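Working notes for the structure below.
For the single chain, residues carry numbers from 1 onward in sequence order. No experiment lies behind these values; they were computed from the predicted model shown.
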Amino acid sequence: MPFWPSPVSTTDVARSGRRPSWPVARDGQVWWTEDRPDEGGRTTIVRRAADGTHSELLAAPWCARTRVHEYGGRPYAVTPAGEVVFCNLADQRLYRGHDDPVPLTPAGDGSRYADLLVRDGRVWCVRERHHDGKVTRSVVSFALDAPGDMREHVTGADFYAFPALSPDGRHLAFVCWDHPLMPWDGTELRVARLSDGATWTVAGGPSESVLAPQWKDDDHLYLVSDRSGWWNLHEAPVHGGPSRALHPAGEEFAGPLWRLGGMPYTVLGDGLLAVLHGRGDLRLGLLDPRTGALRDLDAPCEGWDPALAADGGAVIGVGYGPTAPRTVLRVDTATGGAETLARDAERLPDPAWLPSPRAVELPGREGRRVHARLYPPTGGDPGAGAASGGGPGAAPPYVVFVHGGPTAHAGTALDLEKALLTSRGIGVLDVDYGGSTGYGRAYRELLRGRWGVVDVEDVVAAAEWLASEGLADPARVAVRGGSAGGWTVMAACCRSGVFAGGVSYYGVSALAPLVTHTHDFESRYVEWLVGPEDSALYATREPLALVGGVTCPMLLLQGLDDPIVPPEQSAAFADALAERGVPCTYLAFEGESHGFRRAETRATALAAELAFYQQIFS
């Protein structure tokens, strides 16, 4: 039998992606977004009333999703009256209400909106405008009852995030940065006086990443800064003077700003801060900003999405664990009691079939220690060593997972895509290669100028480690990743013969076309990752130029509506492999973007991936 029999099907995995996200809480009510894979992947808004009843606020075809930065973020806000203001995917306009939503912003002017805040009768947000081939951004506001009254408060920077009004309504705090920096490189926290538009810098600069400002009072801001080498919480006076670290630690209290609208900490009713902190995954704690004392809350999960909300003495967030799906939880900070409000999947396989990770550090090149998580095969017949073609007692096959970003990390949230493999006798090693987040700025910057080198070396080292430890059959190790992870998959297969096959989802194969055609947010990212445009340098890194080194079969999957990694990237690599006679399957999906959302697409892609592993491991 090629694989162990498994209760985890591709259809189960494809339909599991409800992805509850972006909680908002007020007066005992909680709102969040949920995806609907069976409805074309649209996103709705769900409200849980104080009496515990749930209501889906947006019926099809409404879809609450913003395209700011293309990666989007929290697409809605809640008014004091409990109405939602949301961004609709199809036209990117803001709407008010849910039964019969009313448009608030003009049609057809190329505007997109994110980081929404409703305060003092106005909607405050980041506006991104696409006009005459140019992209500009600003912080704007308009009256909720007279949306034509649009005011532009700050402009001139390339990017904005985290607009926050002071308690007295006189000042606006915000974070901004300019090309070629990314928000984890260097940002500034500025304050604008609304009466006359005067602005000044409170913290940050080109080598300091400052994130997530919240007002403590009219004269002080909380913020997250990595000036120590770690994203730690600080308190800063608004009108001059040094900031103060609230709890200096070799841990992260935030993550990279890929999507707008999340807060990695929140201010509770008694002035304490509910915070996320840790290395890799972030756990929930309670921080006293006066004393710096920090204690963890005993919540039933191992990690949290960096988007918390407060309602009096309760904190609401989306937690997860290796055997628990993403769950909207309300945690009472006084008692520690946690209430489940919603789950990503209501039905799960028996826990015996779900993989449980073990954190490992393995030796990389140049003395690096590479962080990874090991998911051995789970369930089935562990003594059957023949799974996927090995002889009796043989080590099992493994797939090395490579996360995207690349400035990101692999979390330990329950992932049925991993369970799809481990429950069939295929192990998984999820690698946080050099350049990953969650381990401080120094580890993050190992990738500066060395994309296609450090990530590839660490992924190859991971495969070699699996074999040297006797964990995997060295002839049956594959590699799999998406987006930037797809780049690493292709590059690793070009540079090393250690892999039996590679699977790339919407991966990057060539740098110059990416720089020319990708979206504005990442249009200068390659300068940091590799260097200024240089055809000779690029030819030493990009998979398309190194394709002659590929000897293993490959599976390439791509959405045809992808604005981040254009479809030509995968198609060109597939054509180059075909010209050299290397087995390659290329699957393209109409209507899919950067990350597959439709249940039918996900099921087809996963079935193709399983068939690929069955072929190369047999």
Side chain to side chain contact (heavy atoms under 4.5 Å, CB included) between Thr333 and Leu297, worked out = CA-CA 7 Å; Thr333 57; Leu297 293 169; 4.0 Å; yes

Glu34/Arg36 under salt bridge (charged side-chain N to carboxylate O under 4.0 Å, His left out): CA gap, chis, key distance, verdict | CA-CA 7 Å; Glu34 280 188 10; Arg36 295 288 183 260; 2.7 Å; yes

Evaluate side chain to side chain contact (heavy atoms under 4.5 Å, CB included) for Leu348 paired with Leu414, printing each intermediate quantity in order.
-> CA-CA 10 Å; Leu348 292 173; Leu414 171 65; 3.7 Å; yes

Show your working on side-chain hydrogen bond (donor to acceptor under 3.5 Å, both in side chains) between Arg343 and Thr327 and close with a plain yes or no.
-> CA-CA 4 Å; Arg343 289 157 55 95; Thr327 302; 4.7 Å; no

Intermediate values then yes/no, side chain to side chain contact (heavy atoms under 4.5 Å, CB included), Phe596 and Gln558 = CA-CA 9 Å; Phe596 301 157; Gln558 177 70 48; 5.7 Å; no

Start with the C-alpha distance between Val402 and Asp455, add both sets of side-chain angles, then the distance that settles side chain to side chain contact (heavy atoms under 4.5 Å, CB included), and finish with yes or no.
-> CA-CA 9 Å; Val402 189; Asp455 52 322; over 6 Å; no

Between Asp430 and Arg373, is a salt bridge (charged side-chain N to carboxylate O under 4.0 Å, His left out) present by the stated rule, with each step listed?
-> CA-CA 5 Å; Asp430 212 351; Arg373 291 180 177 87; over 6 Å; no

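Counting only residues at least two apart or on different chains, the side chain to side chain donor-acceptor pair (under 3.5 Å) pairs with a member in residues 299-311 are Asp305-Arg326. For residues 250-264, the set of pairs meeting the side chain to side chain donor-acceptor pair (under 3.5 Å) definition, not counting sequence neighbours, comprises Glu251-His277, Glu251-Arg283.
Under the 6.0 Å distance and 45° angle rule, Arg444 counts as a cation-pi partner of Trp231.
In this structure a side-chain-to-backbone donor-acceptor pair under 3.5 Å is missing from Tyr398 to Pro474. The main-chain N or O of Leu89 is never found under 3.5 Å from a side-chain atom of Arg42 such that the two would form a donor-acceptor pair. Checking side-chain atoms of Thr53 against main-chain N and O of Ala49 turns up no donor-acceptor pair under 3.5 Å.
Screening Trp32, Trp31, Tyr76 for a side chain to side chain contact (heavy atoms under 4.5 Å, CB included) with Trp22, the sole residue that qualifies is Tyr76. If you run side chain to side chain contact (heavy atoms under 4.5 Å, CB included) between Leu421 and each of Ile426, Thr378, Leu606, Val8, only Ile426 comes through.
The 12-atom threshold is not exceeded at CD of Gln615, counting heavy atoms of other residues, nucleotides or ligands nearer than 6.0 Å. For CG of Asp51, the number of neighbouring non-hydrogen atoms (other residues, nucleotides, ligands) closer than 6.0 Å is greater than 12.
With 3.5 Å as the limit, one finds no donor-acceptor pair spanning the side chains of Ser436 and His371. A donor and an acceptor atom, one from each side chain of Ser593 and Asp562, are nowhere located under 3.5 Å apart. Donor-acceptor pairing under 3.5 Å is recorded for the side chains of Thr601 and Glu592.
Ring pair Tyr443/Tyr439 is perpendicular by interplanar angle, where above 60° counts as perpendicular and below 30° as parallel. Using bins of under 30°, 30° to 60° and over 60° for the plane-to-plane angle, the ring pair Tyr506/His594 lands in the tilted bin.
Ion pair Arg495/Glu457 not flagged as a salt bridge, since none of the NZ, NE, NH1 or NH2 atoms sits closer than 4.0 Å to an Asp/Glu carboxylate oxygen.
Two residues are said to be in side-chain contact when any heavy atoms from C-beta on lie closer than 4.5 Å; Phe401 and Leu429 fail this criterion. Considering only heavy atoms from C-beta on, Arg480 comes within 4.5 Å of Glu609 through its side chain.
Ring pair His98/Phe86: centre-to-centre distance not below 6.0 Å.
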